[in-house]
Amino acid sequence: MFISEEKLKKLLVEPGHITEEDFNSAEKTAKEKGSSLDRVLVEKGLIGDENLGKIIADATGYPFINLKKANIEEISEELLNYIPEAVAQSQRAVVFKEEKGGVLLLATNNPDNYEFVKHLEKTTGYRVEVYYATPFALDMALRKYSGDLQREARMLIEEIKKEPERAEQMVVKLADLLFEHAYANVASDIHIEPLEEHCIVRFRIDGILYKVLDYPKDIHDRMVSRIKILSRLRTDEKAAPQDGRFDYKVGDAEVDVRVSILPTTEGENVVMRLLMQQGKRFTIESLGLLEDDLRKIRNNAKKPWGMILVVGPTGSGKTTTLYAVLQLLHQSTVNIMTVEDPVEYNMDGVQQAQVNPKKNVTFASGLRSIVRQDPDIIMVGEIRDEETVNMAVDAAMTGHLVLSTMHANDAATAFPRLLEMGVEPFLISSAVNVSIAQRLVHRICESCRESYFLSEEEAEEISEDKNFAEMVKTIAGKDDLRKIRFFRGRGCDLCDHTGYEGRTSIFEVLEVTENLRKLITEKSSADALRKKAIEEGMTPMIYDGISKALLGITTISEVKRVAKS
């Protein structure tokens, strides 16, 4: 690392980006692993990759380039040829753009490498401008030397046709190729789906499935066998579903892969979830909560007992919110324990248990064991049955702060759901401190965001839902939808012409007050609870979404699609 550890500590600890204790812990880990300190700080989730890059660049006077947002796909073969692959890997540098007038833009995490820059200028005849890039962003850019997925896959498939005796070896390389490209594209899932005549591979990126590859049906059995071998599953079992997991290393990063294999009429369907540790920074502030909602969560997280529930459908970001609360509570003076399925992100200093039905480790049995371990704070991955919910409520009533998730449409519906699970109403009203409901919406691409006014046709479409249209007018303070300024993504190379890049959350936070406790005890309906909560200041999720649409964070169509579902 080109910046001294002492200077980096001053840059991060004094302004309060991280604590001195966390910095020292990362420094120790970096020395033990023989890794760079900046990489470890991000891997441990102590600071975001982009945030750290900007801090280092500002302090050292170099311009910062966020290669994850710059279009890495536009790093052409001609640009790569300026630096041989072996040199690029050893010097941790890549030319990402050529400008008019004979100027090469160079991304590196060692911008003080003066001799290399001068050598590059001499061999190319161009002037070189140096940009600082983070290690993780460079990892992604340097993979461009390996080519694109389609081209590499076609080459491997051709090798299989030419030399059938090497098919097993080529399939191993093809599987590795999928994992590497899924990691590079920050995919959360890989789907391998057999069809009648061929198989397709799709990556889920930002919640949307994209087809990335197809391959001949005759190599599918070998591909599935390779995944089964990695997951230690039975290769001879093709008629029953199987679940497994394995760890996969991409560069210096460890990826935890959860595997589900399901027999279908066309063959075995494979879905793999990729749980990537690095770059995860869970802070309450980064979730996008309104100030008042943020205050409610902070206040209730400080209480020594009770429950904090996060509700929503599968894939709505509930786990991320739980980890953000844990990050807020995480300190050496408290004992935090979790039981999860799966353990998605490892947290130093937190004891995390994995659900394993084969070993009789369920949410209920895991929770039963945890309460004997003298915890202060307990996180239960999900409440889904009567035994788990009763134990969680009991723990919350006996001096523990309990965090968990549930499937419910909104914050108020969580309470009737608890009643349905057999919890007494007076226990619910006493145990639950706050219920947080959330959904994920796509974020407008910052590179091509533009403002616009609705056409008459678009205004009529929104007006089809009168309540929604009235809420939009009220929040915007306008009587005519066509006079309200909205935002959208025009579509560019950076967002693959979708107009969106990444996702953010919309929330509603229901804090249980004395009036609400009374209604819960009386077994009032979710509608009655919701009405009273709004009267007492709760911002409904759809209001939060509309506000974010008016600020240019997401689109009004996204809010309507997600919040009304």
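Quick note: residue numbers are just sequence positions, from 1. These numbers come from the heavy atoms of this one structure, side chains and all, not from hydrogens, waters or symmetry mates. This one's a predicted model, so the numbers in the text were calculated from it and none came from an experiment.
In terms of heavy-atom proximity, Tyr500 sits nearest to Ser557 at OH-OG, 3.9 Å. Scanning both residues, Asp49 and Ala137, for their nearest heavy atoms gives OD2-N, 4.1 Å. When every heavy atom of Leu213 is checked against every heavy atom of Leu178, the shortest pair comes out as CD2-CD2, 3.9 Å. Leu289 and Leu294 get closest at one heavy-atom pair: CD1-CD1, 4.1 Å. Of all the heavy atoms in Val311 and Ala414, the pair that sits closest is CG1-CB, 3.9 Å. The two residues Val509 and Met538 make their nearest non-hydrogen contact at O-CG, 3.4 Å.
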- request: Applying side-chain contact (heavy atoms from CB on, under 4.5 Å), run through Leu516 and Phe415 and close with a yes or a no.
  value: CA-CA 11 Å; Leu516 284 166; Phe415 300 96; over 6 Å; no

message: Could you go through Ile462 and Leu454, starting from their C-alpha distance and side-chain angles, then the distance that decides it, and tell me whether this counts as side-chain contact (heavy atoms from CB on, under 4.5 Å)?
response: CA-CA 10 Å; Ile462 288 180; Leu454 296 176; 3.7 Å; yes

message: If you apply the rule side-chain contact (heavy atoms from CB on, under 4.5 Å), what do you find for Ser429 with Val512, and how did you get there?
response: CA-CA 8 Å; Ser429 66; Val512 181; 5.7 Å; no

message: Using the rule given for side chain to side chain donor-acceptor pair (under 3.5 Å), can you reason through Thr19 versus Asp22, listing the C-alpha separation, both sets of side-chain angles and the distance that settles it, and then say yes or no?
response: CA-CA 5 Å; Thr19 66; Asp22 284 338; 3.2 Å; yes

field: Working for salt bridge (Lys or Arg N to Asp or Glu O under 4.0 Å), residues Arg258 and Asp189
entry: CA-CA 9 Å; Arg258 306 300 168 102; Asp189 302 86; over 6 Å; no

query: Are Glu460 and Glu456 close enough, and set up right, to give a side-chain contact (heavy atoms from CB on, under 4.5 Å), and what steps lead you there?
result: CA-CA 6 Å; Glu460 286 178 3; Glu456 189 170 339; 3.7 Å; yes

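Residues Leu11 and Ile3 are in side-chain contact: their nearest non-hydrogen atoms beyond the backbone lie under 4.5 Å apart. The shortest distance between side-chain heavy atoms of Gln351 and Ile336 does not fall below 4.5 Å. Put simply, the side chain of Leu403 does not reach to within 4.5 Å of the side chain of Leu309, judged on heavy atoms. The shortest side-chain heavy-atom distance between Thr108 and Tyr131 does not fall under the 4.5 Å cut-off. Between Thr504 and Ile553 there is a side-chain heavy-atom pair separated by less than 4.5 Å.
Taken to the nearest 0.5 Å, the CD atom of Gln352 stands 8.0 Å off from the CG atom of Leu326. For the atom pair NZ of Lys473 and CD1 of Ile546, the computed distance is 12.0 Å after rounding to the nearest 0.5 Å. Rounding to the nearest 0.5 angstrom, the gap separating the CG atom in Leu275 from the CE atom in Met272 is 12.5 Å. Rounding to the nearest 0.5 Å places OG1 of Thr555 at 12.5 Å from CZ of Arg443. The OG atom of Ser260 sits 4.5 Å away from the CG atom of Asp243 when rounded to the nearest 0.5 Å. In this structure, OG on Ser463 lies 4.5 Å from CG on Leu481, to the nearest 0.5 angstrom.
Under the 4.0 Å criterion applied to side-chain N and carboxylate O atoms, Lys54 and Glu50 are assigned as salt-bridge partners. In summary, Glu193 and Arg202 engage in a salt bridge, as defined by a charged side-chain N under 4.0 Å from a carboxylate O. Salt bridge annotation for Lys9-Glu20: present, with a cationic side-chain nitrogen under 4.0 angstrom from a carboxylate oxygen. Ion pairing between a basic and an acidic side chain is recognised when a charged N comes within 4.0 Å of a carboxylate O; Arg295 and Asp292 show such pairing. Of the charged side-chain nitrogens involved, none lies within less than 4.0 Å of a carboxylate oxygen, so that Glu511 and Lys296 do not count as a salt-bridged pair.
Taking the ring centroids of Tyr248 and Tyr183, they lie at or beyond the 6.0 Å cut-off. The ring of Phe179 has its center closer than 6.0 angstrom to the ring center of Phe246.
The side-chain contact (heavy atoms from CB on, under 4.5 Å) test with Asn300 is passed by exactly one of Asn433, Val432, Val325: Asn433. Val380 pairs with exactly one of Leu322, Thr405, Leu367, Asp341 by the side-chain contact (heavy atoms from CB on, under 4.5 Å) rule, that one being Leu367. Exactly one residue among Gln354, Arg273, Arg245 makes a side-chain contact (heavy atoms from CB on, under 4.5 Å) with Pro342. That residue is Gln354.
For the pair Asn109 (side chain) and Ala133 (backbone), a donor-acceptor distance under 3.5 Å is absent. Put simply, the side chain of Thr474 gets close to the backbone of Glu470: a donor and an acceptor are under 3.5 Å apart. With hydrogens and angles disregarded, no donor-acceptor distance shorter than 3.5 Å links the side chain of Thr413 to the backbone of Asn409. No side-chain donor-acceptor contact under 3.5 Å links Ser316 to the backbone of Arg439. Using a distance-only test at 3.5 Å, with no hydrogens or angles considered, no donor-acceptor pair links the side chain of Ser524 to the main chain of Ile520. For the pair Lys318 (side chain) and Gly312 (backbone), a donor-acceptor distance under 3.5 Å is present. Counting only distance, with no hydrogens or angles, the side chain of Lys548 and the backbone of Val441 share no donor-acceptor pair below 3.5 Å. Checking side-chain atoms of His400 against main-chain N and O of Trp305 turns up no donor-acceptor pair under 3.5 Å. Judged by distance alone, with hydrogens and angles left aside, the side-chain atoms of Glu340 form no donor-acceptor pair with the main-chain N or O of Val355 at under 3.5 Å. Formation of a donor-acceptor pair under 3.5 Å by the Glu508 side chain with backbone atoms of Pro540 is not found in this model.
In Gln331, the CD atom is crowded: over 12 heavy atoms of neighbouring residues, nucleotides or ligands sit closer than 6.0 Å. Counting heavy atoms of neighbouring residues, nucleotides and ligands inside a 6.0 Å radius, atom CD of Glu450 exceeds 12 of them. By the 6.0 Å contact criterion, CD on Glu420 is enclosed, its count of non-hydrogen atoms from other residues, nucleotides or ligands being greater than 12. The 12-atom threshold is not exceeded at NZ of Lys478, counting heavy atoms of other residues, nucleotides or ligands nearer than 6.0 Å. Within 6.0 Å of CG on Asp479 lie no more than 12 heavy atoms contributed by other residues, nucleotides or ligands.
In this model, no donor atom of one side chain and acceptor atom of the other lie less than 3.5 Å apart for Glu501 and His442. Counting only N and O atoms by type, the side chains of Gln438 and Thr321 include a donor and acceptor under 3.5 Å apart. Between the side chains of Glu536 and Asn515, at least one donor-acceptor pair of N or O atoms lies under 3.5 Å. Side chains of Ser525 and Asp527: a donor-acceptor N/O pair is absent below 3.5 angstrom, by distance only.
Phe64 pairs by the ring-ring contact (aromatic ring centres under 6.0 Å, His included) definition with nothing, not counting sequence neighbours.
By the 6.0 Å and 45° rule, Arg204 does not stack over the aromatic ring of Tyr210. For the pair Arg485 and Tyr452, the cation-pi criterion (under 6.0 Å, within 45° of the ring axis) is not fulfilled.
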